[in-house]
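For reference, the structure is listed below as structure tokens.
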Amino acid sequence: MEANEYLSLLNPEQKESVVHSGEGSEDLLILAGAGSGKTRVITTKIAYLISQKHVDPYSILAVTFTKKAADEMRERAVRLEPKAQYAQIRTFHSWGAYFLRKYHSEASSYFKAVYGREGISGVDSNFTVYDDDDMATLVSKAIPSIPKKETALIAHKISLAKDYGLTPESESFSEIDAGEEFREQYALYEKRLRQTGNVDFGDLILIPYLVLKNNAEIRHRTHLRYRYVLVDEYQDSNRVQFLLLRELAGIEEKAGVYICVVGDDDQSIYKFRGAEVQNILDFEKDFSKPRLIRLVRNYRSTPEILACANSVISNNEKRLGKTLEAQKKKGKIPVLAYLPNQDDECDFCSDLILNAHEKGVPFSDWAILYRTNAQSLGFESTFLRRKIPYQVVGTLKFYEREEIKDALAWISFLANPKNEIAFRRIVNKPVRGIGAVTQEKIVEACAAKSILENARSVKISKKASEGLNDFLSVAEELLSMLPSNAAEDEKSAEEKSDKEKKSAKKLSDFVDALSKKSGLEEFHRSQDEIAGTQKVLNLEELANSAALYPCTMEGLLEFLDHIELDRSLEDESSDGTDRVTLITLHNTKGLEFPRVIITGLEYGVFPRENKSGEELEEERRLFYVGITRAREQLYFTSCASRRMYGQTKYMSPSPFLSEIGADEMRVVGDMPSSMQGDFAGENAVDPVAKKWRVGASVFHDDWGPGIISSGRMSEGEYVISVVFENGSVKKFLPKYQKALILIED
């Protein structure tokens, strides 16, 4: 394609970004808003440099964060200019591996200088890259005294240290671990790794940075080789990637390397992976006389959707600042639905989808967004029963997740102690010294009999016997928590005291106890700490789903039947491509959908509790990312109550909702009193509504203690609904009935 042809497709800001080529040693920051065409800009810029500025493609390095993004960038650049195939268009880590294979001997020399020459290989030319499991194994070899269950956590901290550009010799590890013990562990691991000649994933960035920083000759060669360095998604870069980019730029040597970064500070949402938003915020002071160009023309969303996005993100203080401008015509105003609980939330979403489908809207037009993976369960169950095909993106479906399979195996075993499949899955998880051979011996000896009653008589090793006794004792203790319904029914409802009624347990209490007593919660919590997963939250959500059943063996079997029904419906569900997408907000980055529903907009869910300062700003950026995924229609849902930790908890709306203007959303459902001032344009909430707020505890002479579950204005008067401990729900006008019902201030 001719240059004048592809340049004519660009808007003025895009074209300015493309033709800027660093005259006068001026670097470039392209602040590319959501849906503003940043990929087109960076690929066109590569083609333009080669065809119009006569830049040798060999001297161009373009890096991004995923192989998919790098492949797309290369393909689009080559389509515009065939010579772009000779440019290096890679992921950061792919380039790091290339560099290390080229300069492995120089890297080895650096490490031999640090650790001494004896027994040190450094980096071999044919090195392999260790993954997380390999790192944990090497930690155990380097430090034999470390308990096996701690090795993965130490390996994770070492990876984090490398992401921050820290070596064992660095002055401070305050970001990673305050103690000196970690420094020693890191040093022992690093020395052992250098003896193998291999590298771990963090080394692919850290070692090139260290070589460039400490070897002037290699640094000079690299500056001569790469005259143009382009970085995509710069807001996702971590500290060591920033340090590497500084060395590639050769600022201190005034090497004249042109640096161009493309990113969006408002979409920096991966702090938990080490991403540092400060990298893009400080670009103007960290690099040479940089130019800042803002891409604000949004080609994805309607003006109404962008109005919500702009209103929300403007509340962040740490940002460079920009306002998205819609290029689409006027569309529908976003809808905020206030709903009684999470079951109503699932039904509301289902109704929207099915009603639209009847009018010809494909299921694939819809995406359900949520803060945590655990929230998918309610939607999965409802969609299965209502015949709505769906796909869960970025993770397994709820009942296919490892931790849920573990918990359900425990439940299945307790329901039927002959279940050898369930027994084999859980008996040695966490490790109890009962290997596959021992398991086989136990199963054979207990064939067609209760493993729980007969396993202790099987002759096995002392260590395995101790582990088996521990497992069986936990199972027996859990079973003792499950009386039969017959025993419970011996007393009539009238004979049971109020104390007994109040102390009646739900099956959620049992599932929660199972997670703790079995060791599953601790086991999966350690995995969460290492991998940033949400396995414990998934276990908690499984317990929440059991809250509707009594804590009896019959209740347990009914719960299992419900799950099996969901699984059978899943087998019958459509496996075609026309499916609703269920996805976490973090996984939506880079995606877009015609119709988006952002769910769970309550304080404590989104944003998470106890978030403030920079953490709250990142949560707000995550909300902004969710909003800007929508092309045509946008919905928000917020629940008055939600089952959490096995109990019904009364929720407050997300504070982010109050940051959207009253004229920017259409509200349906009962608006909580705390929000009515915001959406009515008032300066303060009505004092009656403020006092008699949702979640407040009350006491009534006849009905006893209760909690306010909802509050709304009706015909000019504020009406509350109260759920009392005996289960009854009553409505009151607190302005006139305050003598009958007392609020606990």
Side-chain angles (χ1 to χ4, degrees), residues 1-65 69-91 226-237 245 248-249 256-267 280 283-284 287-300 320 322-327 590:
M1 186 182 292
E2 294 295 326
N4 59 351
E5 192 176 343
Y6 57 68
L7 289 176
S8 68
L9 300 175
L10 305 177
N11 66 40
E13 297 80 22
Q14 290 174 332
K15 185 175 180 179
E16 183 184 5
S17 301
V18 166
V19 302
H20 184 280
S21 54
E23 285 81 0
S25 301
E26 183 182 66
D27 292 327
L28 177 62
L29 166 59
I30 303 173
L31 200 62
S36 63
K38 71 171 182 63
T39 305
R40 168 178 284 185
V41 168
I42 197 166
T43 54
T44 304
K45 189 175 184 70
I46 294 170
Y48 178 83
L49 287 171
I50 296 169
S51 65
Q52 301 304 303
K53 304 302 289 186
H54 308 294
V55 170
D56 183 351
Y58 186 75
S59 69
I60 297 175
L61 171 63
V63 291
T64 187
F65 288 85
D71 290 345
E72 181 185 1
M73 193 189 303
R74 184 183 305 106
E75 181 183 331
R76 291 175 65 169
V78 170
R79 198 182 303 151
L80 297 175
E81 171 51 65
K83 291 181 182 177
Q85 64 184 300
Y86 302 112
Q88 285 220 15
I89 303 176
R90 297 174 172 268
T91 66
Y226 300 113
R227 306 301 297 163
Y228 295 82
V229 179
L230 289 72
V231 183
D232 191 20
E233 301 285 9
Y234 187 59
Q235 78 282 344
D236 294 337
S237 60
L245 186 62
L248 288 171
V257 177
Y258 175 65
I259 302 293
C260 170
V261 302
V262 185
D264 184 2
D265 54 332
D266 291 334
Q267 295 189 73
I280 193 167
F283 184 84
E284 291 179 276
F287 289 85
S288 302
K289 298 185 294 182
R291 175 79 172 278
L292 171 60
I293 299 175
R294 290 177 170 86
L295 304 183
V296 296
R297 302 189 197 207
N298 178 286
Y299 297 92
R300 177 187 299 158
L320 296 172
K322 64 182 177 307
T323 302
L324 296 178
E325 300 172 1
Q327 303 303 297

Assess the residue pair Phe283 and Ile259 against the criterion (side chain to side chain contact (heavy atoms under 4.5 Å, CB included)); give the C-alpha distance rounded to whole Å, side-chain angles, the decisive distance to 0.1 Å, and a yes or no. CA-CA 11 Å; Phe283 184 84; Ile259 302 293; 4.2 Å; yes
With sequence neighbours left out, which residue pairs that include part of residues 47-58 fulfil the salt bridge (Lys or Arg N to Asp or Glu O under 4.0 Å) condition? Glu23-Lys53
Looking at every heavy atom in both Ile293 and Ser17, which two are closest together, and how far apart are they? CG2-OG, 3.4 Å
Identify, with sequence neighbours excluded, every residue that meets salt bridge (Lys or Arg N to Asp or Glu O under 4.0 Å) alongside Glu81. none
State, with a plain yes or no, whether a side-chain heavy atom of Leu248 is found less than 4.5 Å away from one of Leu61. yes
What residues, two or more places apart in sequence or in another chain, satisfy salt bridge (Lys or Arg N to Asp or Glu O under 4.0 Å) together with Arg300? Glu592
Closest non-hydrogen atoms of Tyr48 and Val19, given as atom of the first, atom of the second and distance, are CE2-CA, 3.5 Å
Is there a donor-acceptor pair under 3.5 Å between the side chain of Arg227 and the backbone N or O of Ser59? no
Residues passing the salt bridge (Lys or Arg N to Asp or Glu O under 4.0 Å) test with Glu325, sequence neighbours excluded, are none
Distance-only check: which donor-acceptor pairs under 3.5 Å involve side-chain atoms of residues 33-41, not counting sequence neighbours?
unit_1, atom_1, unit_2, atom_2, d
Ser36, OG, Gly33, N, 3.3
Ser36, OG, Gly33, O, 2.6
Lys38, NZ, Asp232, OD1, 3.2
Lys38, NZ, Asp232, OD2, 3.3
Lys38, NZ, Glu233, OE2, 3.2
Arg40, NH1, Leu9, O, 3.4

Contacts of Lys322 that satisfy salt bridge (Lys or Arg N to Asp or Glu O under 4.0 Å) - sequence neighbours left out: Asp264, Asp265, Asp266
Looking at Val229 and Tyr226, what are the two nearest heavy atoms and their distance? CG2-CB, 4.2 Å
Decide if the gap between the ring center of Tyr86 and the ring center of Tyr58 is smaller than 6.0 angstrom. no
Less than 4.5 Å apart, side chain to side chain, heavy atoms only: is that true for Phe65 and Thr91? no
